Structures are given as structure tokens and as C-alpha cells.
Amino acid sequence: MMLTALGLMSGTSLDGVDVALIETDGRRVNALGPSGYRPYTDTERGLLRQALYEAADLPDRTARPGCLREAERVVTTAHAEAVAAFTAQHRMRFDDIDIVGFHGQTVLHRPEKRLTVQIGDALMLAKAIHIPVMYDFRAADVEAGGQGAPFVPVYHRALAQSLEREGPTVVVNIGGVANITYIDGDTLIACDTGPGNALLDDHMLRRMNQRFDTEGRTAALGKVDAAWINRALAMPFFALPPPKSLDRNDFAGLKLGDMPPEDGAATLTAFTVAAIARVVPLLPKEPKSWIVAGGGARNMTMLRMLRECLAPAQVQAADTLGWASDAIEAQAFGFLAARGLKGLPLSYPATTGVPIPMTGGIIARP
């Protein structure tokens, strides 16, 4: 039976809430509906950055010390407003939607401690929007010893099935953290590759008072410090085989030193690309094609560097295939909610390192 699912995603870039409608039975995608976006205000974004800082030493995933309780309320309210605006714009009633997939805002991800924390009050959200909400997708995976990320490979596979491409295809999502899904017939492998836009965004905010490098224009003016990248790539994470995952701030300790902001942007952009390329030797076969989604797909300098670094493989932005690049993660959590309702696996040994295929998610009802 096909379900109408609404997926919600607030990623590690801390930009806002993505909303996307999808019709699916949890195995295949029958139709993609419209998408929407509710940006965080500067005040909300500042609070979430503080929440990331205060969550760094959380021993308990249910604890909400310091500003975390207020941050959770803000995240929940923003998601409720995003759903209300979306349904009003598209003249939908709450009973037109079977399930909402609510990822929440990740503030800490430490799978080695069997700990992952996504803030957001699902019960409060369900009552506000009058629709059942599935949440806490990652917890069961992490508790079972998995990485708990990346969590969208099953959706990438569902999208890629319609392409009928020869040879291995990789979908790379470049959000705050970058992750890949390797698809080759029945083979599905996934992992985080390293920083996505997080380091670059933080640099742009600190040095240029800009939220991000629009279209990669600042990086295009700079010079890459190859020696800095080589030192950064010596970190043990990059030699680990998939599956593996990261916290947004795992590379926050890397310092660029005294260089012009344009050179810093160019170096951090090239670092993201080099980290993605570093995963290629760890895959069963060299990919024939790459599909780039997420915020990084709008960065022309990053796309150019990817094409140069991954040649002769084909590299294209997801939008060129008719996929909604900015909405893919939100669509994925609608898809995962449908899978969760049907008891289908959300993660696998080769995607998160979990011992057996795992379902997950908890339902909050209005």
C-alpha cells in the first residue's frame, strides 16, 4: 500500500528545516511531491550553535542541560511552523498525510560510545500538526553497535534504481558532513567521508560574516594550500574502511593559520573534495558515475574540483537528473518513516556497521 509521507530534515549545516512530500510503499518511490523550506533566524542559529557546544560532553541522550532545553523547543516550533506553512501553501489537510518523518537536530554523534542525540520533541510536534510523527531513527542502530549514519542509503538506492546505469554509481550528499552511498547491483555500501560544508561555513561566518560561500565564489578567488590538506588527510579517520561516521565538529580543531579568507575557502573546499576522493580506493570497484546532492551541489567551485579529482568518472549535480537536490534528505526521512511503519530495515551491516539489518523509529501520535 502506498503511503503519503512528509519528511522533515534539519541538517548539520544549521540552515533551516527542509520539508518534502513523497508517495512510497517503503520499497520504491511512486511519486515525489513538492518541497518547502523554513530558514532558521540568526538568533535561532546562534542558539543551535551554542547547543552544539554545550552538548559536547553529554553522558545521557535524554539530558537537556544548559540551553539544550530551549534549543529543543525552538527546533520543535520551527518544524511545526514549517509543516503548517507547507500544508497551507499546498492546500492540504492533516489527514491527507499518513506519517511525518522527523529527524530532529543532531547536537552530538558519538557512536563509539553508543550515543547519538537529536533534539526535538516529537510528541509536541505531533500534537501541533495533528499527524503521527516517526522520530528517533538512529537510536536503535547505535545501541546495537552501528554507526547510526549515514541513514539515507536505502533512499538513494530507491532513487538510483530508475536510472539503469552500468557500473557502480555513488550518490554523495554534501551537507555539514559529506557522506556517500555506493550502489552496484545488490551491493550497497555507505559511510561519511569527512567534512562537507561545516568547516567552510564556519570559516565564511568567522572571516567574511557570510553564512556560506555562495556558489563557491570566494573559493574561486583563492589558492589551495595542498600541504595543509595533506596534513589534514593524515588523520586516522580517512584510512578507515566503510562503514564509518562523524560528528559535525570532529574536524573543528583543524586551524588554517594566517591565510587570506579566499585561500582559506579554497583550501577547505578542496579538503572536502579530497576527503571524498580518498574513499575511492576503499570501495570494491572504482565508481563510473557520481551524483552530487545537498548544499555542496550548489557550490560551482566544489563541483569543478570534484570533476577534476574524480575523472574519468562522470560527476553531475542531482538536479540535472530531475532530483530535488536540496530536498533529498527530507524526502529520505519520509521514505524511512514509511519503511519504519512497515517494519522494513532502515540500516544494514554495510551501511552503518550494525550487526544485522535494523529497523527503527518510534511513533508519536497526536
Side-chain angles (χ1 to χ4, degrees), residues 1-12 17-33 35 79 82-83 97-106 109 111 116 118 120 122 125-126 129 131-144 146-161 171 173 175 177 179-181 183 188 190-192 243 245 293-294 318 323-324 326-354 356-365:
M1 184 182 76
M2 287 292 165
L3 300 172
T4 299
L6 191 67
L8 306 175
M9 182 66 191
S10 177
T12 49
V17 180
D18 291 309
V19 185
L21 197 70
I22 181 171
E23 187 177 301
T24 179
D25 60 1
R27 290 182 173 86
R28 58 193 176 90
V29 178
N30 191 52
L32 296 176
S35 59
H79 280 74
V83 173
I97 300 169
D98 296 305
I99 188 71
V100 168
F102 175 41
H103 176 267
Q105 181 68 56
T106 298
H109 187 66
T116 186
Q118 288 76 41
L125 178 62
I129 63 177
I131 306 168
V133 172
M134 181 167 284
Y135 68 105
D136 221 6
F137 291 91
R138 302 181 189 273
D141 182 278
V142 170
E143 287 172 9
Q147 292 287 312
F151 237 60
V152 295
V154 287
Y155 182 60
H156 288 160
R157 179 178 62 187
L159 285 175
Q161 282 172 345
V171 180
N173 184 74
V177 171
N179 57 70
I180 61 109
T181 301
I183 305 158
L188 186 68
C191 66
D192 287 345
S245 68
W323 299 3
D326 290 338
I328 283 180
E329 282 199 291
Q331 290 169 351
F333 279 93
F335 182 78
L336 290 170
R339 287 183 72 84
L341 278 180
K342 299 192 175 190
L344 297 170
L346 308 185
S347 59
Y348 296 85
T351 62
T352 67
V354 74
I356 59 173
M358 293 288 298
T359 187
I362 300 170
I363 297 179
R365 300 194 181 275

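What you see is a predicted model, and the numbers here were worked out from it, not measured in a lab.
- Taking 4.5 Å as the limit, some side-chain heavy atom of W323 sits within range of a side-chain heavy atom of V171.
- Side-chain contact between N30 and T24 is absent, with no heavy atoms from C-beta onward closer than 4.5 Å.
- With hydrogens and angles ignored, the 3.5 Å screen pairs a side-chain donor or acceptor of R339 with a backbone N or O of G26.
- Distance check, rounded to the nearest 0.5 Å: CD1 of I363 to CD1 of I99 gives 5.0 Å.
- Between T181 and Y155, the closest side-chain pair of non-hydrogen atoms is not below 4.5 Å.
- Between the T359 side chain and the P345 main chain, no donor and acceptor come within less than 3.5 Å of each other.
- Atoms CE and OG1, on M9 and T106 in that order, are 6.0 Å from each other to the nearest 0.5 Å.
- In this structure, Q147 contributes its side chain and S245 its backbone to a donor-acceptor pair below 3.5 Å.
- The main-chain N or O of A158 is never found under 3.5 Å from a side-chain atom of R28 such that the two would form a donor-acceptor pair.
- Within the 4.5 Å cutoff, no side-chain heavy atoms of F335 are placed close to those of V152.
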Please assess N173 against E329 for the test side chain to side chain contact (heavy atoms under 4.5 Å, CB included), listing each intermediate value before the final yes or no. CA-CA 9 Å; N173 184 74; E329 282 199 291; 3.4 Å; yes
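- Between F137 and F151, the gap from one ring centroid to the other reaches at least 6.0 Å.
- With hydrogens and angles disregarded, no donor-acceptor distance shorter than 3.5 Å links the side chain of K342 to the backbone of R27.
- When atom types are taken as modelled, the side chain of H103 and the backbone of G7 share no donor-acceptor pair closer than 3.5 angstrom.
- The closest side-chain heavy-atom distance from V133 to L8 is not below 4.5 Å.
- Summarising the geometry, atom CG belonging to L188 is positioned 11.0 Å from atom OG belonging to S347; distances are rounded to the nearest 0.5 Å.
- Taking CG of L32 as the start and CD1 of I328 as the end, the distance is 9.0 Å to the nearest 0.5 Å.
- Of the possible donor and acceptor atoms, none in the side chain of E23 sits under 3.5 Å from a partner among the backbone N and O of L3.
- Note that the CD atom of Q331 and the CG atom of L159 stand 6.5 Å from one another [nearest 0.5 Å].
- Taking every heavy atom of both residues into account, A190 and P153 meet most closely at CB-CG, 3.3 Å.
- Residue Y348 holds its OH atom at 4.5 Å from CZ of R157, rounded to the nearest 0.5 Å.
- The closest side-chain heavy-atom distance from D141 to L346 is not below 4.5 Å.
- When every heavy atom of D326 is checked against every heavy atom of G294, the shortest pair comes out as OD1-O, 4.2 Å.
- Looking at every heavy atom in both residues, I131 comes nearest to I97 through CG2-O, 3.8 Å.
- Minimum heavy-atom separation, V19 to L6: CG1-CD1, 3.6 Å.
- Considering every non-hydrogen atom in both T116 and R138, the closest pair reads CG2-CB, 4.0 Å.
- Using a distance-only test at 3.5 Å, with no hydrogens or angles considered, no donor-acceptor pair links the side chain of D192 to the main chain of N179.
- Counting heavy atoms from C-beta on, the side chains of T351 and V154 never come closer than 4.5 Å.
- Contact annotation: the side chain of M134 approaches that of L341 to within less than 4.5 Å [non-hydrogen atoms, C-beta and beyond].
- Contact between G101 and A337 at its shortest, heavy atoms only, is CA-CB, 3.8 Å.
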